[in-house]
Amino acid sequence: MIRVLIADDETMMRAGARAILSTDPGIEVVAEASTGREAVELVRRHRPDVALLDVQMPQLDGLDAASEILKSDAGTAVIIFTTFSNDDYIARALSEGASGFLLKSGDPRDLIAGVHAVADGAAYLSPEAAHRVIRGLSTGRMARGSAARERVDRLSTREQEVLMLLGEGLSNAQIARRLHLVEGTVKTHVSSILARLTVGNRVQAAIIAYEAGLIESVG
């Protein structure tokens with residue numbers, strides 16, 4: 001069972017997200033918050049697998065709340081769930097360590113798929129957010145490519161294989177099946193990759209893989 005916290009200052013939006021998630025028997029909404037500060041406190045109390053955070057909330061916005069949650073020891077993955085597909089929001093969310101970015105105007109199935117993907121250790125971006133990330137990366141990609149390749153070259157051959165599949169959006173379980181490894185071994189490789197690339201999450205690692213030419217798309 002994937003345990004989820006929903007944080008949004010609009011009661012109707014929380015109710016809508018809960019209704020969508022309740023259609024999946026593998027997902028349980030364990031808490032709701034109306035402010036960013038309340039979201040942080042409830043994450044510490046309930047330790048959900050995934051926190052679904054709106055950007056614009058009182059007391060503490062969703063991006064600042066994400067930063068506090070990801071720095072805590074709750075082990076909670078973060079999805080930013082917002083009306084705005086602003087490039088700055090996407091960039092800041094990913095730099096803070098969020099694993100997902102979804103638009104409220106998107107397909108409800110994306111919400112369920114995103115929660116499953118992030119809970120399984122993968123990243124998930126809405127199609128529009130993914131397009132914006134790729135467009136941003138494409139600007140000046142060649143200038144960053146050499147530095148990215150130098151970082152990737154520090155990895156072992158197996159770690160580069162894992163990084164490539166991670167960059168394609170595969171979860172640990174999917175990578176394990178593809179490479180005929182046990183999932184625990186993949187988790188060890190992923191931890192090593194993040195440490196050796198000096199990044200904080202899988203999305204940032206995927207960006208380096210993209211810039212190094214290991215994959216052709218992100219998200």
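Nothing here was measured: the structure is a model prediction, and the numbers come from that model.
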Treat each ILVMFWY residue as a node, draw an edge where side-chain heavy atoms are under 4.5 Å apart, and state whether [X] and [Y] are in one component.
| X | Y | value |
| --- | --- | --- |
| M57 | V43 | no |
| I20 | V30 | no |
| L165 | V199 | yes |

Test your reading of the model: is there a side-chain donor-acceptor pair from [X] to the backbone of [Y], 3.5 Å cut-off?
| X | Y | value |
| --- | --- | --- |
| S67 | D64 | no |
| S192 | T188 | no |
| Q160 | V152 | yes |
| T198 | A195 | no |
| T76 | P48 | yes |
| R44 | D73 | no |
| R196 | R154 | yes |
| R202 | G121 | yes |

Any side-chain donor paired with an acceptor under 3.5 Å for R177 and N172?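 Absent: no donor and acceptor within the cut-off.
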E38 side chain to S34 side chain, donor-acceptor N/O pair below 3.5 angstrom: yes
Would H116 and I27 satisfy side chain to side chain contact (heavy atoms under 4.5 Å, CB included), going step by step from the backbone distance to the final call? CA-CA 8 Å; H116 276 281; I27 296 174; 3.9 Å; yes
Presence of salt bridge, [Y] and [X], under 4.0 angstrom:
| X | Y | value |
| --- | --- | --- |
| E161 | R158 | yes |
| K104 | D8 | yes |
| E211 | R149 | no |

Between atom [atom1] of [X] and atom [atom2] of [Y], what is the distance when rounded to the nearest 0.5 Å?
| X | Y | atom1 | atom2 | result |
| --- | --- | --- | --- | --- |
| M13 | D9 | CE | CG | 10.0 Å |
| R151 | I208 | CZ | CD1 | 3.5 Å |
| I175 | T185 | CD1 | OG1 | 12.5 Å |
| L179 | Q174 | CG | CD | 12.0 Å |
| L102 | S126 | CG | OG | 6.0 Å |

Heavy atoms only: give me the nearest [X]-[Y] pair and the separation to one decimal.
| X | Y | result |
| --- | --- | --- |
| A93 | F101 | CB-CD1, 3.9 Å |
| T35 | P58 | CB-O, 3.5 Å |
| Y124 | A117 | CD1-CB, 3.9 Å |
| Q59 | R37 | OE1-CB, 3.4 Å |
| S99 | A122 | CB-O, 4.1 Å |
| L42 | A33 | CD1-CB, 3.9 Å |

Quick one, [X] and [Y] - any side-chain contact, counting heavy atoms below 4.5 Å?
| X | Y | result |
| --- | --- | --- |
| E168 | R178 | yes |
| Q56 | T83 | no |
| D54 | F81 | no |

Criterion side chain to side chain contact (heavy atoms under 4.5 Å, CB included) against V29, the qualifying member of L52, L5, I6: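 Among the candidates, only I6 passes.
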Side chain to side chain contact (heavy atoms under 4.5 Å, CB included) partner of I79, chosen from V115, L125, L53: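 Of V115, L125, L53, side chain to side chain contact (heavy atoms under 4.5 Å, CB included) with I79 is met by V115 alone.
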Could you give me the CA-CA distance, side-chain angles and deciding distance for I80 and L63, then say whether side chain to side chain contact (heavy atoms under 4.5 Å, CB included) is met? CA-CA 8 Å; I80 298 298; L63 298 173; 4.0 Å; yes
Yes or no on side chain to side chain contact (heavy atoms under 4.5 Å, CB included) for L70 and V78, after CA distance, side-chain angles and deciding distance? CA-CA 8 Å; L70 292 164; V78 169; 3.9 Å; yes
May I have the step-by-step check of side chain to side chain contact (heavy atoms under 4.5 Å, CB included) for L21 and L111, ending in yes or no? CA-CA 8 Å; L21 295 176; L111 178 55; 3.8 Å; yes
Would one find more than 12 heavy atoms of other residues, nucleotides or ligands at under 6.0 Å from atom CE of M12?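 Open.
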